[in-house]
Number of protein chains: 2
Amino acid sequence: MISSIAELIADRIGTMPAGERRAAQTLIASYPMIGLKTVAEFSTAAGVSSPTILRFVARLGFQNYPEFQSSLQDELAAQLQSPAIRTLNPPSPGGGTASPMLEATLDNMRETFRHLSDKQLADIAARLAERRGKTFLIGGRFTDPLARYMAAHLAVIQPDVFHLAGQESMWRDRLIDMSKRDVLVIFDIRRYQDSLVRFAEKAHQRGVQIVLFTDQWLSPIARFARHVIAGRTAVPSAWDSSAALFVVAETLIGAVTRQLEADGARRIREMEGLR
Amino acid sequence: MISSIAELIADRIGTMPAGERRAAQTLIASYPMIGLKTVAEFSTAAGVSSPTILRFVARLGFQNYPEFQSSLQDELAAQLQSPAIRTLNPPSPGGGTASPMLEATLDNMRETFRHLSDKQLADIAARLAERRGKTFLIGGRFTDPLARYMAAHLAVIQPDVFHLAGQESMWRDRLIDMSKRDVLVIFDIRRYQDSLVRFAEKAHQRGVQIVLFTDQWLSPIARFARHVIAGRTAVPSAWDSSAALFVVAETLIGAVTRQLEADGARRIREMEGLR
DNA sequence: CAAAATACGTAACATACGATACAGCGCTCC
DNA sequence: GGAGCGCTGTATCGTATGTTACGTATTTTG
């Protein structure tokens, strides 16, 4: 079974003429970067002519050079998405069903935060901590609990936080209440729900600022969103994992809380008193 | 110090107009693969026009698109040559607001699973996968979303899954429906809610098996619970973190799903058909 | 509310890229 | 030693790609 292009080359390099073999060796030497460059660069690096490179990729079974490059890119993408599998891990001692799941989840979180700058989080937190306007939260079939979770916390530390629950018709009516001073936090991962997309679009038209929690493939709502948080969701399970998004949500909750405390919000102190 | 393009984007994304921000978010979401493709592909993926992509890379300081791609490739090449750096941890000890929170959360998860044997999880999963009897889920003020999340998934793969929502009086009435064949999943972390404790006690008296998700200090409900999952909740924040419990919940959902698939549950297959 | 500035997309353009035809060279095998 | 075959590079071509100019829409500012 041949799964990577590198293996394919190793398999056929024996049957190649001299020029193409040089191409093959050059590619293997700094795999796969040279293959992502232009034919001209590849050819000079290998010390052969452009047509030789093209004959080389043709011999590997590709119709043309772009197709070859796409394959390399797909391979790279697959590698990058599962860093754990390559590098760490003798499948940890437990060997049970839980471990791979946990490892994948931890990786998801690291990856999610790697692509998420402190500044971005701070911006969102600052916006959520702004007192003007209302905050609405809503989620999809499986992610609505995340919206609820966030709403439950935010509602404690500031007024005018609303979780949009129930039927679509219910929250559509709430659109009337929304203006450009308001923020709408949406959770939407695959399979993206049409009803949510429609709702987001209408809210966007009303000037509402949208904060979107989605997966790495980006819900169509990203088009209308002011802020997009793309979390990793892939785990060895029949379901996608929302754990990374959950952690981001918690982080945001913490940041907003801190912000409001820093602002000396009277509400926080009053609350302390009530306990 | 800005070393990667991803950081560069994070740094400037705040000052970008809407279209370019979409481009930025799209790139970050599947970093850096989209950037290696053509402008046309990039633009359609981001839902903007080609010129917007070019303006985007121009704003990042690149003279033209190929130069931008070269930078991405160089970055990739550097990464591939030292894969260890990726796994050995977040390049940002940057003392930002996110990092300590994330680190604490990851630690919580490791600790939680360290004290949680595979067997224990398997037992609970097996119990939840049993067809006889019903499954009820409920949570506290901040943890009820976790109950909802779990219920949303379990309800898909098996019948008779109920999330207990609304007022206390509401679910107290549901006690009548519960018998010793049933399972009650409760989420309860500090400050433990009296109403939940009372409810758990009554359910326990009716012979209902209780699965408790709580924190390391154990809710009083632990006295009545058949299974106790103690998650770590401490994070540098004003709030406790339910993230570890969330991950355990997801793990359980996955385990139950697998179990039912293994049992050849007709329901699963029928569901596939309905899609 | 008006006017200016900014941002975005459509469409035309130029270039650089991959593809191909062809000729020269070397190698092998009679 | 000569003829045939195969491999490689040069030169040319067509096209897909990045680029730019301009008009429209949208937002911001006075």
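This is a predicted model, so every value here is computed, not measured. Below, chains carry the letters A, B, ... as their sequence lines are ordered, and counting in each starts from 1.
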For this session: Indicate whether OP1 or OP2 belonging to dG9(D) is found under 4.0 Å from a side-chain N or O atom of Thr52(A).
Result: yes
For this session: Could you check how far CD of Gln69(B) sits from P of dA16(C), rounded to whole Å?
Result: 15 Å
Exercise. Under 3.5 Å, is there a donor-acceptor pair between the side chain of Gln216(A) and the main chain of Ala234(A)?
Worked result: no
Problem set entry | Touch class at under 4.0 angstrom, heavy-atom based, for Pro51(B) against every strand present | base
Exercise. Distance only, no hydrogens: is a donor on one side chain within 3.5 Å (strictly under) of an acceptor on the other, for Ser219(A) and Asp188(A)?
Worked result: yes
For this session: Could you check which of dG9(C), dG9(D), dT8(D) has an atom nearest any side-chain atom of Pro17(A)?
Result: dT8(D)
For this session: Send over the distance from Arg55(A) CZ to dT20(C) C1', rounded to a whole Å.
Result: 10 Å
Exercise. When you measure from the side chain of Arg21(A) to the backbone N and O of Met16(A), does any donor-acceptor pair fall under 3.5 Å?
Worked result: yes
Exercise. To the nearest Å, how far apart are Leu54(A) CG and dT10(D) C1'?
Worked result: 14 Å
For this session: Rounded to the nearest angstrom, tell me the gap between atom CD in Gln63(B) and atom C1' in dG18(D).
Result: 14 Å
For this session: Let me know, please, whether Arg223(A) or Pro66(B) comes out on the 5' side of the other along DNA chain C by nearest nucleotide.
Result: Arg223(A)
Exercise. CG of Asn64(A) versus C1' of dT15(D): gap in Å, rounded?
Worked result: 13 Å
For this session: Please report the C-alpha distance between Phe142(B) and Trp239(B) in whole Å, then the side-chain angles of each, then the deciding distance to 0.1 Å, and finally whether the ring pair (Phe, Tyr, Trp, His ring centres under 6.0 Å) criterion is met.
Result: CA-CA 10 Å; Phe142(B) 295 116; Trp239(B) 310 93; 5.5 Å; yes
Exercise. Phe62(B) CZ to dT19(D) P: how many Å, rounded?
Worked result: 13 Å
Problem set entry | First of Lys180(A) and Val39(B) reached from the 5' end of DNA chain D, by closest nucleotide | Val39(B)
Exercise. Rounded to the nearest Å, what distance is computed from the CZ atom of residue Phe56(A) to the C1' atom of nucleotide dA19(C)?
Worked result: 17 Å
Problem set entry | Closest nucleotide among dC8(C), dT8(D), dG9(C) to the Ala18(B) side chain | dC8(C)
Problem set entry | d(CD1, Ile53(B); P, dT10(C)) in whole Å | 13 Å
For this session: For Ser242(A) and Leu245(A), indicate whether the former's side chain and the latter's backbone hold a donor-acceptor pair under 3.5 Å.
Result: no
